[in-house]
S.K.: 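Structure provided below as structure tokens; questions to follow.
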There are 2 protein chains.
Amino acid sequence: MTWWAWSRGSVGRLVAKERGVKRPTIADIARRAGVSKGAVSYALNGQPGVSEATRQRIIAIAQEIGFNPNSAARALSGATANAVGLALCRPARILGIEPFFMELISGVEGELSARSYALTLQVVADPDAEIAVYRRWWGERRVDGVFVCDLRVDDRRVPVLEELQLPAVVIGGPGHTGTLASVWADDAAALVETMEYLVALGHRRIARVGGLPGLLHTEIRGKAFVEAGERLGLEQSLTVPSDYTGEEGARATRRLLGAAGRPTAIIYDNDVMAIAGLAVAQEMGLAVPGDLSIVAWDDSALCQLTHPPLTALGRDIPAYGAHAARQLLAAIEGREIGAYQDETAHLTPRGSTAAPSPA
Amino acid sequence: MTWWAWSRGSVGRLVAKERGVKRPTIADIARRAGVSKGAVSYALNGQPGVSEATRQRIIAIAQEIGFNPNSAARALSGATANAVGLALCRPARILGIEPFFMELISGVEGELSARSYALTLQVVADPDAEIAVYRRWWGERRVDGVFVCDLRVDDRRVPVLEELQLPAVVIGGPGHTGTLASVWADDAAALVETMEYLVALGHRRIARVGGLPGLLHTEIRGKAFVEAGERLGLEQSLTVPSDYTGEEGARATRRLLGAAGRPTAIIYDNDVMAIAGLAVAQEMGLAVPGDLSIVAWDDSALCQLTHPPLTALGRDIPAYGAHAARQLLAAIEGREIGAYQDETAHLTPRGSTAAPSPA
DNA sequence: CTGAAAGCGCTTACAG
DNA sequence: CTGAAAGCGCTTACAG
């Protein structure tokens, strides 16, 4: 066993060679067209150097025999892998339940597949493993660029990617992205809008169940919550940290509702925690929205499955992913790109919010 | 513009070349170790042909300079891409909300990353696009094998993969997998167990909200439901087809509950529809489980977020993915593999099922 | 046990 | 406008 895990390569290789069906190459096309391999390459890539008649003949043959360029050979001569990478550092149970990532991936895919770029996915256990994956991908030339999710304050991944000069787009911000490109949305503004909405309904004691501490957007929301709470003169504006899971969301809710002077409204940092909070409130005999108003961040279809349906802060996540992909492809092409501000999440009032009942 | 979309390649390539940081190659290692490139290759791959002392020296140098083998070069000489593919053919909104796929991917990843295999993901619009992706991947030698999800009756993808001799593992069955390897679970048995449980509670009118028609497991469950219904002598056993979305699940539920002689229990083909069904029942003023018992297939964390929590049919989906990955890696190595039967889903009774209240 | 060389399938200067 | 050739970074027979 060697120190990296490719010792079995030879087995698969031999077998693949024996078993493989013959794939057409540019040599096959060249032979049939009576030209050189170089000419075939120029023709198929839309480069000058072949007459239009020859080009058409070559393209026709390529289509006829179902030619696809060997991606390894292209990568080896050209230095682009035609693939980008996404490393996700969250436990499986959270990945599964949060619609965010799959929606993001759907949007990313739309842009990538239009350009025949592949998406290479890797689930990692912790930030160190994620950094190791970036170094390996870079060394292997396996990807031309990467998406960076779950940006943290002073994120250690940023300087590594800068050092490697691996094109990258940070999904998150603003700030703490170093010289990397990014797409971000103004969470602070969305949170303030939500709080003003609740205050207008008559709420004076508003709580927040936050996401994972240390994530930049958690910190940004936390800061905005405190500041807006003071500005709006709330009696109470308490944040309880959580971790996006239903269990923790339920626990945080119990803590908030069990205390004296309980809040009349809670804002949750994701939809899963909000749904868990709703169940807790109902369990405790509190009416939603009569006794407690609930707002969920991330307006996925889940929010409309509950009774009552949840008022939520939503935006188009597939579009967010598409923007990130477009940024990354531009970075790979070497174009100058910076921070792209995506739409701010907007509030969709549903049945889970109302004026607080007089105490 | 050419007929496939790689016309811009040259731009990225040039830029990458100018910008790229120098990556170490086996030539660098050979120079520093004073041996040939061939010797370096043998040493790093654990092949015979170098003395143990030389091997250790080479490995030490490789580690020191942070060497990673260029995956394109390996693929080009060895014919294995060290990557496998997963094409998903479902609309984004369903992909996002169903925990199944992300959990499956998590499990697959665990096996793959231990062997430094990459997972290439592609979201496709329809079965034709999916088949085109397989043909392209094969032609590009981009992947060494693929996972096939959402198996259909007489699935058109099966003969294509057989023709290409592309190693594949079907996630689903039994049957309709042609000569391809597969992992499957006995859904019929799980459904029968559930029905017997409901009958034991006293239910005589049981309905089912089914998944997408045409999917093999939908058909298998449908057949088992009818047969068991007859065997158990139910007064009523009606299946309403649906599509896994909350909206359709809600509509199907309204239809079932609005009719005369409404069922006292409903089994849903996924958790999302079950949650939607619960909300509909509550909206209509029916008590769950008093007036209506609800069972969800796919016991994700979502099922414990509702009030009451849902009785569900669950199994370890990450493990299912891990088994599929192990099968696929074996197929790539050329080992003979067939159908692997995974654990049968088991029922976890929670608050959403009880004896029906006397009418 | 080790070295020199061919080859994987492309792309791209460089000659004609 | 076209052809012949070098090169990308590996792996692997084939000689010594």
Side-chain angles (χ1 to χ4, degrees), chain A residues 4 6-14 16-17 20 22-31 33-58 62 67-82 139-142, chain B residues 4 6-14 16-17 20 22-31 33-58 62 67-82 139-142:
Chain A
W4 69 77
W6 34 293
S7 52
R8 304 160 318 88
S10 52
V11 181
R13 207 170 306 126
L14 277 174
K17 216 168 250 175
K22 175 83 174 78
R23 294 168 172 86
T25 69
I26 55 168
D28 299 320
I29 300 174
R31 200 176 313 117
V35 299
S36 70
K37 293 193 299 175
V40 173
S41 176
Y42 290 138
L44 296 180
N45 285 303
Q47 301 285 337
V50 284
S51 68
E52 198 47 36
T54 308
R55 184 190 308 278
Q56 289 309 329
R57 196 154 45 91
I58 287 170
F67 172 75
N68 281 291
N70 179 316
S71 57
R74 302 196 81 218
L76 191 53
S77 20
T80 109
N82 275 343
E140 293 180 343
R141 286 171 178 73
R142 200 182 265 278
Chain B
W4 67 77
W6 35 293
S7 51
R8 304 162 315 88
S10 51
V11 181
R13 207 170 306 127
L14 277 174
K17 217 169 250 172
K22 174 83 174 79
R23 294 169 172 86
T25 69
I26 54 167
D28 300 320
I29 300 174
R31 202 176 311 117
V35 298
S36 70
K37 294 193 297 175
V40 173
S41 176
Y42 289 137
L44 296 180
N45 284 303
Q47 302 285 336
V50 283
S51 67
E52 198 46 37
T54 308
R55 186 190 305 279
Q56 290 309 330
R57 194 153 46 91
I58 288 171
F67 172 76
N68 281 290
N70 179 316
S71 56
R74 302 197 82 218
L76 190 54
S77 22
T80 110
N82 275 343
E140 293 180 342
R141 286 172 179 71
R142 200 182 264 279

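Order of the sequence lines sets the chain letters (A, B, ...), proteins ahead of strands, with each chain counted from 1. All values below were derived from every heavy atom in this structure, side-chain atoms included, with hydrogens, water molecules and symmetry-related copies excluded.
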S.K.: Taking side-chain hydrogen bond (donor to acceptor under 3.5 Å, both in side chains) as the definition, give me every residue that meets it alongside A/R57, ordered by chain and number, with sequence neighbours left out.
M.R.: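 Per chain and number, A/R57 pairs via side-chain hydrogen bond (donor to acceptor under 3.5 Å, both in side chains) with no residue.
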S.K.: Rounded to the nearest Å, what distance is computed from the CG atom of residue B/N45 to the P atom of nucleotide D/dT12?
M.R.: 7 Å
S.K.: Of the nucleotides C/dG9, C/dT11, D/dG9, which one has an atom closest to the side chain of A/R74?
M.R.: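 Closest nucleotide to the A/R74 side chain: C/dT11.
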S.K.: For A/A72, is there any backbone N or O sitting under 3.5 Å from a side-chain donor or acceptor partner on A/N70?
M.R.: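 Yes, A/N70 side chain to A/A72 backbone: donor-acceptor pair under 3.5 Å.
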S.K.: Could you give the CZ-to-P distance, from B/R31 to D/dG9, as a whole number of Å?
M.R.: 11 Å
S.K.: Determine the minimum heavy-atom distance between A/A73 and A/S77, stating which atoms define it.
M.R.: O-OG, 2.6 Å
S.K.: Calculate the interatomic distance between A/I29 atom CD1 and C/dT11 atom C1'; express it in whole Å.
M.R.: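 About 14 Å, once rounded to whole Å.
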S.K.: Not counting sequence neighbours, which residues clear side chain to side chain contact (heavy atoms under 4.5 Å, CB included) with B/I29? List them please.
M.R.: B/V40, B/L44, B/I58, B/I61, B/A62, B/I65, B/F67
S.K.: Please name the pair of heavy atoms, one in A/A81 and one in A/A75, separated by the smallest distance, quoted to 0.1 Å.
M.R.: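 What the structure gives for the nearest pair is CA-CB, 4.1 Å.
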S.K.: Would you mind reading off the distance between A/R23 atom CZ and C/dG9 atom P, rounded to a whole angstrom?
M.R.: 10 Å
S.K.: Among all residues two or more places apart in sequence or in another chain, which pass the side-chain hydrogen bond (donor to acceptor under 3.5 Å, both in side chains) test with B/S36?
M.R.: none
S.K.: Taking all atoms of both residues into account, what is the closest heavy-atom pair of B/V50 and B/A39, and its distance?
M.R.: CG1-O, 3.6 Å
S.K.: How does DNA chain C look in dot-bracket notation if pairs are Watson-Crick or G-U with both distances under 3.5 Å, crossing ones as [ ], other-strand ones as |?
M.R.: |||.||||||||.|||
S.K.: Could you state the atom-to-atom distance from CZ of B/F67 to C1' of D/dT11 in whole Å?
M.R.: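 For the pair B/F67 CZ and D/dT11 C1', the rounded distance is 12 Å.
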S.K.: Between B/N82 and B/R74, what is the shortest heavy-atom contact and its length?
M.R.: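 Closest approach of B/N82 to B/R74: ND2-NH1, 3.3 Å.
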S.K.: Using atom CG of B/L76 as one end and atom P of C/dC10 as the other, report the distance to the nearest whole Å.
M.R.: 9 Å
S.K.: Please give, in whole Å, the distance from C/dG9 P to A/N82 CG?
M.R.: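 Between P of C/dG9 and CG of A/N82: 18 Å.
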S.K.: Using a cut-off of strictly less than 4.0 Å, decide whether B/S77 has a side-chain nitrogen or oxygen near OP1 or OP2 of D/dT11.
M.R.: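 Checking D/dT11 against B/S77, no side-chain N or O comes under 4.0 Å of OP1 or OP2.
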S.K.: With salt bridge (charged side-chain N to carboxylate O under 4.0 Å, His left out) as the rule and sequence neighbours excluded, what pairs involving residues 34-50 of chain B come up?
M.R.: none
S.K.: Provide, to the nearest angstrom, the distance between the CG atom belonging to B/L44 and the C1' atom belonging to D/dC10.
M.R.: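 Whole-Å distance recorded here is 11 Å.
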S.K.: What nitrogen or oxygen pairs link the protein and nucleotides 2-4 of chain D at under 3.5 Å?
M.R.:
residue	atom	partner	partner atom	Å
D/dT2	OP2	A/S51	N	2.8
D/dG3	OP2	A/S36	N	3.3

